[in-house]
Amino acid sequence: MKVRIDPELCQGQGRCFSIAPSIFDFDDLGNGVVIGDGTLDDDTMKLAQLAQSNCPEHAIFIEE
Amino acid sequence: MTDKPLVKDFATEWDHADPQWVADPYPIWEDLRQRCPVAHTDRYGGGWFPATHAGVSAIAKDTKNFTSRTVIIGNGRPTELDLPAPIGVAPPITSDPPFHAIARKLILPAFAPGPINALEPMIRALCAKLIDGLEGDVVNAGMAYAKYIPPSVIRTMLGFPEDDIERFIEFIDIVLEGIDHPLEQRIEEFAPVEEYFVAQMEDHLANPRDDLTSYLLNVEIEGQKLQPEHVFGTMVLVLIAGIDTTWSAIGSSLWHLASHPDDLARLVNEPDLMPVAIEEFLRYYAPVTMARLVKHDMEYLGCSMKEDDWILLGFPAANRDPAMFKDADQFIIDREENRHVAFGLGIHRCAGSNLARLELRVAIEEFIKRFPRFELADPDAVTWASGQIRGPRNLPIRILQQ
Ligand code: HEM
Ligand code: SF4
């Protein structure tokens, strides 16, 4: 499973990189970006899901 | 406070300046959500108030049918003077696409997490110094603490002289009070502010340094530096958007802790809880409500909206919608899932949210570090700001022995 941020939807609310700094980072404008290719293991999956459930813009996707 | 008759039914004549709404709006919104999710009023020349998360979210994200050309509700329908399209008075908050994106991109780098996180030691020192100045068993956590933090931070960011802080705060009062005055009056009132800011800009042009003023004077749109009016406009926006909003959030959070000893004790004993608690403070006591104007006559969310009708975007009401939040009416200090919209939604999402969160967290951390136990000295003496920004103003707090 992989996590991705839709840049069209992300407004830089910054919840993802505060909750899961090992998975998400921010760019120069403060928008969220995924570190690396976004592949999740059992541990990071939980964190990614927590970040997803806190993103007000519904901009985080976890998919095959 | 108001010479208008008291509101009898908020579904048909809502008024955000009505004493009942100012004192405690939450039961009103809950009632509206159950009866008629979009309330109407003939006051202010006519307008609508969606009380649900779905309604607020739909309108906030819909820049085709709604405009941000004015975001503060005036006394009647807006006149052409109020609406200098397409840039607006204070870009980007009053701009619509496509100009909005340009104005927003300009300021975002200055408020991104990198530069903002670097301010933490400065903000911490500032809060500690303000706390040193609080005297006696009863302190005014609103007027003597929360109120001073955002202006002092912004003054430092702008690189204006430290000794000018009292003057700077006077200017902020002028700007915040004049926000909905007629244009001519506003120009007159703002004159001393503009004079001071222009002098600061000239000084920065002569002696550039590493601060927000120099950043704004040097940043380029399509190879062009900004006109001084644009730089002044952006500075005024930062004052309007960044001061009483953050002050209100700090005040509401301290008010909550002063009246909920269990939550205070948990935060004191579990400092790691702070980031999660901050989001719940923001959800539960969201201070900011913004306006839109309807662009053209249409049927929307089951209402017959007319061109230039007001929309009051109740982000604080959306945050209490049980359809979106489990136990929405409960303050849960360790709430794990919290998609609150205190900073808005869509393209106008608060550009200063990283700074706001940092100020709020550090202000609370420093206060409870120095005063691990406190309570409201006189609950009836607490006053709340009216209008589109909600938070305590007078906030007497009694410091208790450990
Ligand atoms: C707790 C404190 C704050 C809250 C709750 C808050 C809330 C908001 C909200 C709800 C909006 C959206 C407006 C709309 O949709 O029309 C907004 C926009 C904005 N805020 Fe904040 N704000 C806070 C602090 C700050 C600070 C500290 C700054 C900067 C110093 C700031 C700068 C801005 C700017 C520039 C915009 C306009 C963004 C745009 O239109 O693209 N805010 N804020
Ligand atoms: S939480 Fe959502 S909106 Fe915020 S930065 Fe992350 S992806 Fe973007």
Side-chain angles (χ1 to χ4, degrees), chain A, chain B residues 53-54 56-57 60-61 63 92 100-117 219 272 274-280 282-283 286 315 318-319 324-326 334-358 361:
Chain A
M1 297 290 271
K2 279 190 175 186
V3 62
R4 116 186 126 77
I5 290 179
D6 182 335
E8 293 288 311
L9 293 175
C10 170
Q11 301 291 344
Q13 296 257 13
R15 303 298 306 284
C16 54
F17 47 82
S18 324
I19 292 173
S22 58
I23 306 175
F24 305 99
D25 202 354
F26 47 84
D27 65 14
D28 290 348
L29 296 180
N31 288 330
V33 288
V34 172
I35 299 173
D37 75 350
T39 303
L40 300 171
D41 57 31
D42 289 352
D43 290 340
T44 49
M45 175 59 92
K46 270 215 182 93
L47 258 179
Q49 281 167 340
L50 187 62
Q52 184 183 37
S53 64
N54 277 283
C55 173
E57 307 285 351
H58 297 262
I60 300 176
F61 296 86
I62 297 175
E63 44 205 14
E64 287 292 339
Chain B
H53 182 280
V56 169
S57 169
K61 290 180 178 172
T63 54
H100 170 267
I102 301 170
R104 183 173 168 92
K105 262 208 180 114
L106 207 74
I107 58 170
L108 280 183
F111 291 97
I116 292 303
N117 291 343
V219 74
D272 290 348
M274 195 56 93
V276 185
I278 292 297
E279 301 305 326
E280 182 68 346
L282 284 165
R283 179 188 76 89
F315 299 116
N319 278 350
M324 187 64 187
F325 300 93
K326 207 169 145 228
D334 54 2
R335 186 182 285 274
E336 272 218 323
E337 289 185 17
N338 194 347
R339 277 195 171 108
H340 73 79
V341 295
F343 292 115
L345 273 175
I347 63 166
H348 290 282
R349 190 277 310 172
C350 180
S353 61
N354 299 306
L355 177 61
R357 284 195 167 101
L358 179 64
R361 177 169 60 79

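In the text below, chain A, chain B and the rest are named by the order of the sequence lines, each starting its count at 1. Note that this is a predicted model, so its numbers are computed, not measured.
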#### Entry: Distance in Å, His53(B) NE2 paired with His340(B) NE2, rounded so as to fall on 0.5 Å steps
10.5 Å
### Query
Which atoms of Asn54(A) come close to chain B, meaning under 4.5 Å heavy atom to heavy atom: side chain ones, backbone ones, both, or neither?
both
### Query
On the ring face of Phe343(B), is Arg349(B) found with NZ or CZ under 6.0 Å from the centre and within 45° of the axis?
no
### Message
Taking every non-hydrogen pair under 4.5 Å, which of Gly12(A), Ser18(A), Gly14(A) racks up the most with chain B?
### Response
Gly12(A)
### Task
Would you mind checking which part of Leu29(A) comes under 4.5 Å of any heavy atom in chain B, side chain (CB onward), backbone (N, CA, C, O), both or neither?
both
### chain A contact via Lys61(B) - side chain, backbone, both or neither, heavy atoms under 4.5 Å
side chain
### Task
Tell me, for Ile116(B) versus chain A, whether the close heavy atoms (under 4.5 Å) come from the side chain, the backbone, both or neither.
neither
### Query
So which part of His348(B) gets closer than 4.5 Å to some heavy atom of chain A, the side chain, the backbone, both or neither?
neither
#### Entry: Heavy-atom pair of closest approach, residues Asn354(B) and Phe111(B)
ND2-O, 3.0 Å
### Message
Heavy-atom pairs under 4.5 Å with chain B - which of Ser53(A), Pro56(A), Cys55(A) has more of them than the others?
### Response
Ser53(A)
#### Entry: Side-chain (Glu57(A)) to main-chain (Cys10(A)) donor-acceptor, under 3.5 angstrom
no
### Query
When you check the gap from the basic side-chain N to the acidic O, do Arg335(B) and Glu279(B) get nearer than 4.0 Å?
no
### Query
Between the main-chain N or O of Asp41(A) and the side-chain N or O of Thr44(A), is there a donor-acceptor pair closer than 3.5 Å?
yes
### Message
Please identify which of these residues, Val34(A), Asp37(A), Ile62(A), meets the side chain to side chain contact (heavy atoms under 4.5 Å, CB included) condition with Lys2(A).
### Response
Asp37(A)
### Summary
If one checks every heavy atom of Pro275(B) against chain A at 4.5 Å, the contacting part turns out to be neither
### Top of Ser57(B), Gly346(B), Ala351(B), Gly114(B) for chain A proximity - count of heavy-atom pairs under 4.5 angstrom
Gly346(B)
